[in-house]
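Quick notes on the structure that follows.
Within every chain, numbering begins at 1; the chains are lettered A, B, ... in the order of the sequence lines, protein sequences first and strands thereafter. Excluded from the calculations below are hydrogen atoms, water molecules and symmetry mates; all remaining heavy atoms, backbone and side chain alike, are included.
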There are 2 protein chains.
Amino acid sequence: MPANILVVEDEPAIQELLALNITQAGHNPIRALSVEIAQNLMRETIPDLILLDWMLPGMNGLEFARKLKSDNLTKTIPIIMLTARGDEYDKVRGLEVGADDYVTKPFSPRELNARIKAVLRRRAPQMTDDPIEINGLRLDPTSHRVTGHQKIVDLGPTEFRLLHFFMTNAERVHTRSQLLDKVWGDRVFVEDRTVDVHIRRLRNALAVSGHQDLIQTVRGSGYRLSEQHT
Amino acid sequence: MPANILVVEDEPAIQELLALNITQAGHNPIRALSVEIAQNLMRETIPDLILLDWMLPGMNGLEFARKLKSDNLTKTIPIIMLTARGDEYDKVRGLEVGADDYVTKPFSPRELNARIKAVLRRRAPQMTDDPIEINGLRLDPTSHRVTGHQKIVDLGPTEFRLLHFFMTNAERVHTRSQLLDKVWGDRVFVEDRTVDVHIRRLRNALAVSGHQDLIQTVRGSGYRLSEQHT
DNA sequence: GATATTTGTCACGAATATGTCATATTAAGG
DNA sequence: CCTTAATATGACATATTCGTGACAAATATC
């Protein structure tokens, strides 16, 4: 599965190098010479990964990263930062704002590819055992409990898995087949429409705490869990 | 449950990086620039986990790890070692002396956090000999007695161990095989459904003090002891 | 060695969850 | 508006999971 990788780097030679590498790794590089260009490009395509140089003219990488991480739409996009060798200070700052990994310049193509691969492998946020809370709805995997506003939400196994998936991948539209893959498991053969029914059951159950509108229908595409009230 | 994590690393920049990461993961870093300092700090606080650099001035990491693992007081503390990239020799030696995991430098923050979490999760709440009381139900490991509301609850050996485990790991779901592992011991070959039967016997016995609902069924997953009513 | 207790397994009914369909409702485009 | 496609909903047959009582084997107790 080829991924769109946004490369934000002002030095053309290095950018060329990066793009070449990415192409060879079977992915699709999107080049931006500055943060401003990057922001424009992102209006068209939301990339799967961002390679971000830390030293940029104008708005610097740090600021850009912080901005990305504070926006719900983009906060889940992994960022790999490029730092000068031994620039530990940058690394620290980068981690502060939530960069996911870093590569020191001069980088070896091999290392870069390895890290890209590693990060992309985790593209779907791993379902951890940490409790998740969105909009007052709380899901705790270890106790297998869902609560919202002091009320206990009673869910069947499938609905629980479904909600769990939605909460770990919030703000993102999932098609029915994606949901079948991720929630049901890829070996089953069930109708797409079945998802609808489970969505309804989930919404129904969520009504006890007033969260029935949390899962939204995106006509023609699928479903999405979002905190923003449309 | 925040954990105290001792970071033994002589390079200040990297130490800073590690400490920041640990803080962001919700834990409490304790910094030591050398093994000697670490040993002093450990007189005050016994950490829950040790991040140990392998290349240290003075006494090296290997020696320190071996020392920790040979002392009864500290042998159970998990150790994650930091090795230089591809230094397979160190990895082998490290695992030999009982390190629990390793991370190669330069490490990705995400990977580090994942490993920290994994190691800490393995730290199962130890079954102590202290009496436990939940919801008016009291279990005393030393006298092997269970009482609830003045009534004595009569339990068979297996049911006692089962209840003991549930009470030390309350509010979380345990699958049948987890229970078989933890309560029966991991070498036995018993049917999953046997757990059901023992759960019923336990519930039955707990009925004399009105605690029959303390252990709840989580359909499709397992069982859970919880004070909160469904 | 006789008796009581504990333990694992099974069979079967009850409770619950699941997938599918038929039909109602809703949104989008002309 | 009206048409059409997409989604929501209720109902239902089926499948799955759980609770329960019974029972025989193993173990402990006297």
request  = Looking only at side-chain atoms of B/Arg219, point me to the closest of C/dT9, C/dA15, D/dG10.
outcome  = C/dA15
inquiry  = Once you apply a heavy-atom cut-off of 4.0 Å, does A/Phe160 come out as touching a base, just sugar-phosphate, or nothing?
reply    = nothing
request  = Applying side-chain hydrogen bond (donor to acceptor under 3.5 Å, both in side chains), name anything that partners A/Arg200, two or more places apart in sequence or on another chain.
outcome  = none
message = Please confirm whether the shortest side-chain N or O distance from B/Tyr223 to OP1 or OP2 of D/dG19 is below 4.0 Å.
response = yes
request  = Report the end-to-end axis angle of the helix from C/dG1-D/dC30 to C/dG30-D/dC1; each axis comes from five terminal pairs, and the value is rounded to 10°.
outcome  = 40°
task = Using the closest heavy atom to pick a nucleotide of DNA chain D for each, name whichever of B/Ser221 or A/Arg176 lands nearer the 5' end.
result = A/Arg176
ask   = When you measure from the side chain of B/Thr194, which nucleotide among C/dT9, C/dT18, C/dT7 comes out closest?
value = C/dT9
ask   = Is a donor-acceptor pair below 3.5 Å formed from side chain B/Arg203 to base D/dG19, judging by atom type as modelled?
value = no
inquiry  = I want to check one thing: is the phosphate of D/dA8, taken as OP1 and OP2, less than 4.0 Å away from some side-chain N or O of A/Thr217?
reply    = yes
inquiry  = Without decimals, in angstroms, what is the distance between A/Glu191 CD and C/dA22 P?
reply    = 12 Å
query = Does a distance-only test, which skips hydrogens and angles, find a donor-acceptor pair under 3.5 Å between the side chain of B/Arg193 and the base of C/dG8?
reply = no
message = Any side-chain N or O of B/Trp184 below 4.0 angstrom from OP1/OP2 of C/dT7?
response = no
request  = May I have the distance from A/Gln212 (atom CD) to D/dT9 (atom P), rounded to whole angstrom?
outcome  = 11 Å
key: Identified side chain to side chain contact (heavy atoms under 4.5 Å, CB included) partner of B/Val195 from the options B/Gln178, B/Arg176, B/His174   = B/Arg176
remark   = Applying side chain to side chain contact (heavy atoms under 4.5 Å, CB included) to B/Arg219 and not counting sequence neighbours gives none
ask   = For the residue pair A/Trp184 and A/His198, does the interplanar ring angle fall in the parallel (under 30°), tilted (30 to 60°) or perpendicular (over 60°) class?
value = perpendicular
ask   = Among C/dA17, C/dC10, D/dC18, which nucleotide sits nearest the side chain of A/Pro157?
value = C/dA17
request  = Specify the separation, in whole Å, of atom CG of B/Asp196 and atom C1' of C/dA14.
outcome  = 14 Å
ask   = Hey, what's the ring geometry for B/Phe160 with B/His144, parallel, tilted or perpendicular (30° and 60° as the breaks)?
value = parallel
query = For DNA chain C, whose closest nucleotide is more 5', that of B/Arg161 or that of A/Asp192?
reply = B/Arg161
key: Nearest-angstrom distance from the residue atom CG of B/Asp154 to C1' of C/dT6   = 12 Å
message = Please report the distance, rounded to the nearest Å, between CG in A/Asn204 and C1' in D/dA11.
response = 14 Å
request  = Ignoring hydrogens and angles, answer whether the base of C/dG8 and the side-chain atoms of B/Arg201 contain a donor-acceptor pair closer than 3.5 Å.
outcome  = yes
message = Any salt bridge linking A/Arg31 with A/Glu16? Criterion: basic side-chain nitrogen under 4.0 Å from a carboxylate oxygen.
response = yes
request  = Round to a whole Å and report the spacing from CD of A/Gln216 to C1' of C/dT26.
outcome  = 16 Å
request  = Round to a whole Å and report the spacing from CD1 of B/Ile215 to P of D/dC18.
outcome  = 15 Å
task = Find the distance B/Ile199:CD1 to C/dT7:P and express it as a whole number of Å.
result = 14 Å
ask   = Is any NZ, NE, NH1 or NH2 atom of the basic residue among B/Asp140 and B/Arg145 found under 4.0 Å from an Asp or Glu carboxylate oxygen of the other?
value = no
ask   = Less than 4.0 Å between a side-chain N and a carboxylate O, is that true for A/Glu159 and A/Arg201?
value = no
Side-chain donor/acceptor contact of A/Arg200 with base of D/dT7 under 3.5 Å = no
